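Quick caveat, the model's predicted, so the values are computed rather than measured.
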Amino acid sequence: MVFKERQPRDKGVITDDRLMELHLYPGNQCNRDCSFCTVFGSPKGWYSEYTVEHLDAVLQTVMLNEQGTIKFYGGEPTLDSENVIWAIAYLRQQGYRGAIVIYSNGIQAERLLHILESDPLGQTTASLNYSIATGDGAPQMPKKSLEQLEGYETEHAGAIAIGHPDVVDSGRGVDPFTGEATRPKANSRCPHCYPVLTTEGKFHACPFAIENRSPHFQLGDIHSDPSEIAQNFREFFHWLDTVHEPYAIAHNLPACTVCWKHLDQLPVPQGFAEARS
């Protein structure tokens with residue numbers, strides 16, 4: 001397989017109240033129904049398209065220069081590829097110059113490639129789901145789709161990566177996973193991902209726990225001042241290191257298990273309530 005895993009970037013980088021990275025989430029509607037899905041994705045999942053209002057909030061929150069990264073995920077972004085293409089065009093028209101990443105299962109390969117080719121700056125890339133790309137723990141994507149994507153990556157090195165093989169104990173992933181026993185397992189330390197803006201207009205602290213509506217994750221909404229979003233994200237990271245991780249270690253639990261099954265034992269990050277009042 002020609003796809004390579006990308007190296008992670010620095011975590012929690014905020015400059016002038018702008019985040020280095022932001023995930024965009026339109027819902028968990030998907031053309032697969034995987035037993036390990038962290039967002040409970042399925043063909044019956046919910047979906048709401050991106051709008052100018054949502055994207056304007058993105059442009060106020062993320063770094064607009066080459067250091068910034070915007071990540072489209074779900075659900076499956078190729079199910080409404082035209083809306084994703086429109087969203088990319090709008091972001092570029094408004095001056096966003098950073099990277100764009102599409103997280104996809106790759107099944108609708110032609111639509112995915114159309115999205116990549118649509119970026120006028122040529123800086124939109126894809127990241128494929130590890131299990132579906134390899135067949136390790138899930139039915140592999142159709143052979144034709146895999147061949148198309150491998151061919152594109154061969155001709156455009158770095159355009160299509162493969163996601164991490166880690167088994168993330170979140171969402172439906174809390175059930176026993178059928179993948180290879182040698183794959184990495186989650187540990188007590190949260191990976192400290194960048195937050196999410198949903199098309200419901202909410203800023204959420206964790207892309208893996210996006211369908212968890214606990215107040216522990218609620219950073220604000222599209223009407224919040226960007227400085228409030230940035231400060232709440234800082235508070236969330238502090239809470240992870242000083243409250244969440246010590247609890248996970250003390251109870252010998254994976255980080256995501258704490259968020260799905262034990263949050264009622266932990267206080268909301270300090271400052272969140274004040275920011276909402």
Any donor-acceptor pair under 3.5 Å linking the side chain of [X] with the backbone of [Y]?
{"X": "Y130", "Y": "E5", "answer": "no"}
{"X": "S145", "Y": "I107", "answer": "yes"}
{"X": "Y194", "Y": "K71", "answer": "no"}
{"X": "D221", "Y": "K202", "answer": "no"}
{"X": "Q94", "Y": "L59", "answer": "no"}
{"X": "D119", "Y": "T124", "answer": "yes"}
{"X": "H204", "Y": "C206", "answer": "yes"}
{"X": "N28", "Y": "W46", "answer": "yes"}
{"X": "H244", "Y": "W239", "answer": "no"}
{"X": "E153", "Y": "A159", "answer": "yes"}

Is any side-chain heavy atom of [X] less than 4.5 Å from a side-chain heavy atom of [Y]?
{"X": "D80", "Y": "E49", "answer": "yes"}
{"X": "I132", "Y": "C34", "answer": "yes"}
{"X": "L149", "Y": "M141", "answer": "yes"}
{"X": "L263", "Y": "S214", "answer": "yes"}
{"X": "Y152", "Y": "I160", "answer": "yes"}
{"X": "Q67", "Y": "M20", "answer": "yes"}
{"X": "V13", "Y": "L19", "answer": "no"}
{"X": "L219", "Y": "E228", "answer": "no"}

From [atom1] ([X]) to [atom2] ([Y]), nearest 0.5 Å:
{"X": "K261", "Y": "C256", "atom1": "NZ", "atom2": "SG", "value": "12.0 Å"}
{"X": "C259", "Y": "L253", "atom1": "SG", "atom2": "CG", "value": "11.0 Å"}
{"X": "I210", "Y": "C193", "atom1": "CD1", "atom2": "SG", "value": "11.5 Å"}
{"X": "T61", "Y": "D17", "atom1": "OG1", "atom2": "CG", "value": "10.0 Å"}
{"X": "L113", "Y": "S118", "atom1": "CG", "atom2": "OG", "value": "11.0 Å"}
{"X": "N31", "Y": "Q108", "atom1": "CG", "atom2": "CD", "value": "5.5 Å"}

Should E82 and R111 count as an ion pair when the cut-off is N to O under 4.0 Å?
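Looking at R111 together with E82, the answer is no, because their closest N to O distance does not fall below 4.0 Å.
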
Got a salt bridge between E76 and R32, using NZ or NE/NH1/NH2 to carboxylate O under 4.0 Å?
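No, no charged N to carboxylate O under 4.0 Å.
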
Aromatic rings F237 and F233: how do their planes relate, parallel, tilted or perpendicular, breaks at 30° and 60°?
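F237 and F233: tilted rings.
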
Return the minimal non-hydrogen interatomic distance between [X] and [Y], and the atom names on each side.
{"X": "L197", "Y": "A57", "result": "CD2-CB, 4.0 Å"}
{"X": "S131", "Y": "F36", "result": "CB-CZ, 3.6 Å"}
{"X": "I162", "Y": "A133", "result": "CD1-CB, 4.0 Å"}
{"X": "G41", "Y": "C30", "result": "C-CB, 4.2 Å"}
{"X": "L240", "Y": "P246", "result": "O-CD, 4.2 Å"}
{"X": "L128", "Y": "G106", "result": "CD2-CA, 4.0 Å"}

Treating Ile, Leu, Val, Met, Phe, Trp and Tyr as nodes and any side-chain heavy-atom pair under 4.5 angstrom as an edge, say whether [X] and [Y] lie in one connected cluster.
{"X": "Y47", "Y": "V84", "result": "no"}
{"X": "I85", "Y": "V52", "result": "yes"}
{"X": "L112", "Y": "V2", "result": "yes"}

Under a 3.5 Å cutoff, is there a donor and acceptor pairing between the side chains of [X] and [Y]?
{"X": "R9", "Y": "T69", "value": "yes"}
{"X": "S227", "Y": "D225", "value": "yes"}
{"X": "S48", "Y": "E200", "value": "no"}
{"X": "E53", "Y": "T51", "value": "no"}

When you look at [atom1] of [X], are more than 12 heavy atoms from neighbouring residues, nucleotides or ligands closer to it than 6.0 Å?
{"X": "E110", "atom1": "CD", "value": "no"}
{"X": "K4", "atom1": "NZ", "value": "no"}
{"X": "N252", "atom1": "CG", "value": "no"}
{"X": "H192", "atom1": "NE2", "value": "yes"}

I'd like to know whether Y96 forms a side chain to side chain contact (heavy atoms under 4.5 Å, CB included) with L55, so could you lay out the CA-CA distance, the side-chain angles of the two residues, the decisive distance to 0.1 Å, and finally the verdict.
CA-CA 11 Å; Y96 175 68; L55 298 182; over 6 Å; no

Check against side chain to side chain contact (heavy atoms under 4.5 Å, CB included), V62 and E21:
CA-CA 6 Å; V62 75; E21 296 186 5; 5.8 Å; no

For T78 and I115, what are the C-alpha separation, side-chain angles and deciding distance, and is it a side chain to side chain contact (heavy atoms under 4.5 Å, CB included)?
CA-CA 8 Å; T78 61; I115 293 172; 4.3 Å; yes

Identified ring-ring contact (aromatic ring centres under 6.0 Å, His included) counterpart of Y25 within the set F72, Y73, Y50
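Exactly one option meets the ring-ring contact (aromatic ring centres under 6.0 Å, His included) with Y25, and it is Y73.
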
Are Y103 and L24 close enough, and set up right, to give a side chain to side chain contact (heavy atoms under 4.5 Å, CB included), and what steps lead you there?
CA-CA 10 Å; Y103 285 80; L24 303 188; over 6 Å; no

Test log, rule side-chain hydrogen bond (donor to acceptor under 3.5 Å, both in side chains), inputs T134 and Q140:
CA-CA 6 Å; T134 63; Q140 193 172 28; over 6 Å; no

Check for me whether the distance between the ring centres of F40 and W260 falls short of 6.0 Å.
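Yes: the rings meet the under 6.0 Å criterion.
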
